[in-house]
Amino acid sequence: MTQLLRVQNFTVSSDGFGAGEGQSLDQPFGHADPGELLAWAFATDHPPVGRSGRGSRGLDDYFTRDYARDIGAEIMGRNKFGPQRGPWQDHEWQGWWGDEPPFHTPVFVMTHHERPSFTLSDTTFHFVGGDPAAVLARAKEAARGRDVRLGGGATTIRQFLDAGLVDTLHVAVAPTELGSGTRLWESPDELLDRYHCDVVPSPSGVTHHLFWRR
């Protein structure tokens with residue numbers, strides 16, 4: 001069966017930003033408030049992190065509980081892993097997720113500065129260079145026939161979109177403006193020459209955009 005590269009539950013502001021400016025160790029989303037930007041996901045019965053079984057079970061939960069289905073590996077940009085830039089200065093710090101990262105698969109972190117792999121619980125982080133196609137090939141091999149999730153951030157997703165490698169894309173547009181930061185798009189219409197799209201509004205206030213290849 002064909003392995004897919006999937007973007008799932010990626011959230012942007014109403015003006016198209018996936019994160020704000022000024023990312024730091026204490027502010028992974030820069031000036032953006034993740035509690036506001038991702039409120040729709042944290043309110044579900046299957047939130048991205050934390051305990052399940054305490055939230056809504058409607059449309060938004062349909063997307064969050066699908067997060068791990070048939071995923072065998074993840075690709076992310078370096079800025080999703082951490083705020084460090086340039087050569088790695090601190091190998092002791094191992095990301096924002098603690099001892100139990102939510103990925104449960106091999107994770108390929110794209111970077112110009114490679115470092116040794118390490119494992120936390122059932123997640124192994126690999127730090128890899130190369131173009132999107134080469135990184136995707138490695139991730140598909142590690143996924144062993146299952147799909148690969150492209151986790152972000154926005155710049156990394158755009159690189160894979162521009163390379164024609166993304167098969168399906170789910171973006172939740174939150175009802176908040178950021179004004180600046182890391183932008184996924186000016187408008188979702190930018191993708192309509194390459195993708196079909198369904199737009200589904202949610203009672204939570206977000207609007208789900210579902211794209212699949214033409």
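These numbers were taken from a predicted model, which means no experiment stands behind them.
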Taking the side chain from Glu74 and the backbone from Arg149, do they hold a donor-acceptor pair closer than 3.5 Å? no
Derivation and outcome, side chain to side chain contact (heavy atoms under 4.5 Å, CB included), residues Val173 and His209: CA-CA 8 Å; Val173 179; His209 289 69; 3.5 Å; yes
Please output the side-chain donor-acceptor pairs of residues 97-109 that fall under 3.5 Å, not counting sequence neighbours, one pair per line with the distance.
from: Glu100; atom 1: OE1; to: Ser121; atom 2: OG; distance (Å): 2.9
from: His104; atom 1: ND1; to: Asp122; atom 2: OD1; distance (Å): 2.9
from: His104; atom 1: ND1; to: Asp122; atom 2: OD2; distance (Å): 3.1

Whether Lys80 side chain and Gly151 backbone form a donor-acceptor pair below 3.5 Å: yes
Report yes or no: do Ile75 and Leu165 belong to one cluster of Ile/Leu/Val/Met/Phe/Trp/Tyr joined by side chain heavy-atom distances under 4.5 Å? yes
Can you measure from OG1 (Thr182) to CZ (Arg158) and round to the nearest 0.5 angstrom? 13.0 Å
Donor-acceptor pair, distance only, cut-off 3.5 Å: does the side chain of Arg213 make one with the backbone of Gly164? yes
Heavy-atom donor-acceptor pair, Ser13 side chain to Phe17 backbone, under 3.5 Å: yes
Would you indicate whether Tyr62, at its atom OH, is surrounded by more than 12 heavy atoms from other residues, nucleotides or ligands within a distance under 6.0 Å? no
Strictly under 6.0 Å, is that where the ring centroids of His170 and Phe63 end up? yes
Say whether, by atom type as modelled, one donor and one acceptor occur between the side chain of Arg115 and the main chain of His113 under 3.5 angstrom. no
Partners of Ala134 by side chain to side chain contact (heavy atoms under 4.5 Å, CB included), sequence neighbours excluded? Asp131
Should we say atom CZ of Arg144 is surrounded by more than 12 heavy atoms from elsewhere, each under 6.0 Å from it? no
Aromatic rings Phe127 and Phe81: how do their planes relate, parallel, tilted or perpendicular, breaks at 30° and 60°? perpendicular
Single-linkage hydrophobic cluster, 4.5 Å side-chain cutoff, Val7 and Ile71 together: no
Sequence neighbours excluded and cut-off under 3.5 Å, please list the side-chain donor-acceptor pairs for residues 24-32, or say none.
from: Ser24; atom 1: OG; to: Gln27; atom 2: N; distance (Å): 3.2
from: His31; atom 1: ND1; to: Glu21; atom 2: N; distance (Å): 2.9
from: His31; atom 1: NE2; to: Leu178; atom 2: O; distance (Å): 3.1

Is a side-chain donor or acceptor of Glu190 paired with a backbone partner of Ser187 at a separation under 3.5 angstrom? yes
Determine all donor-acceptor pairs shorter than 3.5 Å in which one atom belongs to a side chain in residues 191-200; sequence neighbours excluded.
from: Arg194; atom 1: NH1; to: Leu161; atom 2: O; distance (Å): 3.0
from: Tyr195; atom 1: OH; to: Val166; atom 2: O; distance (Å): 2.6

Could you go through the side chain to side chain contact (heavy atoms under 4.5 Å, CB included) check for Ile157 and Leu150 one step at a time? CA-CA 7 Å; Ile157 292 174; Leu150 181 59; 4.1 Å; yes
Thr156 side chain to Met76 main-chain N or O, any donor-acceptor pair under 3.5 Å? no
Does His91, at its NE2 atom, have more than 12 non-hydrogen atoms belonging to other residues, nucleotides or ligands within less than 6.0 Å? yes
Can you tell which of Thr207, Asn9, Thr11, Thr64 makes a side-chain hydrogen bond (donor to acceptor under 3.5 Å, both in side chains) with Trp40? Thr11
In the structure I gave you, are the side-chain heavy atoms of Pro48 and Phe42 within less than 4.5 Å of one another anywhere? yes
Under 3.5 Å, is there a donor-acceptor pair linking the side chains of Ser204 and Asp60? yes
Over 12 foreign heavy atoms within 6.0 Å of CZ, Arg138: no
Check: Asn79 main-chain N/O paired with Gln23 side-chain donor or acceptor under 3.5 Å: yes
Looking at Asp61 and Arg57, is there a salt bridge between them, counting it only when a charged N and a carboxylate O are closer than 4.0 Å? no
Could you grab the distance from atom OG1 of Thr123 to atom CD of Gln94, nearest 0.5 Å is fine? 12.0 Å
Establish, yes or no, whether the cationic atom of Arg78 lies under 6.0 Å from the six-membered ring centre of Trp88 and within 45° of the ring axis. yes
For the side chain of Asp15 and the backbone of Glu177, is there at least one donor-acceptor N/O pair under 3.5 Å apart? no
Gln89: partners by side chain to side chain contact (heavy atoms under 4.5 Å, CB included), with sequence neighbours left out: Pro87
Just jot down the side chain to side chain donor-acceptor pair (under 3.5 Å) partners of Gln8, sequence neighbours excluded, or say none. none
